[in-house]
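Structure first, then comments.
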Amino acid sequence: QVQLVESGGGLVQPGGSLRLSCEASRSILSFNAMGWYRQAPGKQRELVARISSGGNTAYADSVKGRFTISRDNAKNTLYLQMNSLKPEDTAVYYCNTNYLGFDSWGQGTQVTVSS
């Protein structure tokens, strides 16, 4: 099992930026891939961005060009840089990985985009 702890959420105005962090309890070099998901009230959880162990990335169409996922293997930390935030980005953001066949999720961090 692996524990994931997200941080960096908060309240930001439209057009603003936030950087989310997800620290893992073990070396992320052992993970094939990591991802960020989000869930808005009344909606299903959706994939926002994903990064492989080799650094290949994939993004939801709704965030392409605005969000950047990255990983720091030395710090066992996954990041999500979010720029040009919109009200529709408001959600709880979760970090995810699958380790030895077990899906692991963080507790989530709230992102609210509002003026």
Side-chain angles (χ1 to χ4, degrees):
Q1 278 284 10
V2 58
Q3 282 72 50
L4 303 171
V5 179
E6 301 100 335
S7 61
L11 173 64
V12 62
Q13 291 187 340
S17 298
L18 283 174
R19 188 176 81 154
L20 305 183
S21 300
C22 170
E23 186 171 356
S25 60
R26 63 180 301 122
S27 173
I28 64 174
L29 286 171
S30 55
F31 306 155
N32 288 332
M34 299 185 75
W36 286 99
Y37 289 73
R38 67 186 181 187
Q39 187 166 20
K43 294 188 177 181
Q44 289 189 328
R45 192 172 295 189
E46 63 174 356
L47 176 65
V48 175
R50 196 168 184 267
I51 185 168
S52 72
S53 57
N56 294 318
T57 59
Y59 296 91
D61 288 343
S62 59
V63 307
K64 279 181 182 176
R66 300 189 297 122
F67 290 10
T68 302
I69 188 171
S70 62
R71 55 195 288 170
D72 186 331
N73 294 330
K75 294 182 178 180
N76 297 327
T77 301
L78 178 73
Y79 300 101
L80 185 68
Q81 178 66 45
M82 306 186 295
N83 299 328
S84 302
L85 283 161
K86 304 175 181 180
E88 50 263 44
D89 294 318
T90 295
V92 178
Y93 284 71
Y94 298 91
C95 177
N96 167 269
T97 192
N98 186 285
Y99 178 64
L100 298 180
F102 292 94
D103 237 6
S104 295
W105 295 90
Q107 82 288 352
T109 185
Q110 176 71 45
V111 172
T112 302
V113 185
S114 175
S115 56

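Only this structure's heavy atoms are used, side chains among them; waters, hydrogens and symmetry mates stay out.
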Taking the side chain as everything from C-beta on, heavy atoms only, tell me whether [X] gets closer than 4.5 Å to [Y].
X	Y	answer
Gln107	Val5	yes
Arg38	Leu20	no
Ser114	Leu11	yes

Between atom [atom1] of [X] and atom [atom2] of [Y], what is the distance when rounded to the nearest 0.5 Å?
X	Y	atom1	atom2	value
Leu100	Asn32	CG	CG	9.5 Å
Leu78	Ser21	CG	OG	8.5 Å
Leu18	Leu80	CG	CG	9.5 Å
Leu47	Trp36	CG	CH2	12.5 Å
Arg26	Asn76	CZ	CG	9.5 Å
Tyr93	Met82	OH	CE	5.5 Å

Side chain to side chain donor-acceptor pair (under 3.5 Å): which pairs involve residues 47-61, sequence neighbours left out?
->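 Matches after skipping sequence neighbours: Asp61-Lys64.
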
Identify, with sequence neighbours excluded, every residue that meets salt bridge (Lys or Arg N to Asp or Glu O under 4.0 Å) alongside Lys43.
->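 Residues passing salt bridge (Lys or Arg N to Asp or Glu O under 4.0 Å) with Lys43: none at all.
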
Arg66: salt bridge (Lys or Arg N to Asp or Glu O under 4.0 Å) partners, not counting sequence neighbours =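 Arg66 satisfies salt bridge (Lys or Arg N to Asp or Glu O under 4.0 Å) with Asp89 only.
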
Minimum heavy-atom distance between Ser115 and Pro14, given as atom pair plus value |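 So the two residues come closest at N-CD, 3.7 Å.
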
Given the side-chain rings of Phe31 and Tyr99, with only the six-membered ring counted for Trp, is the space between their centroids under 6.0 Å?
->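 Yes, the ring centres sit under 6.0 Å apart.
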
Would you say the side-chain atoms of Asn83 pair up with the backbone N or O of Gly16, donor to acceptor, closer than 3.5 Å?
->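 No.
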
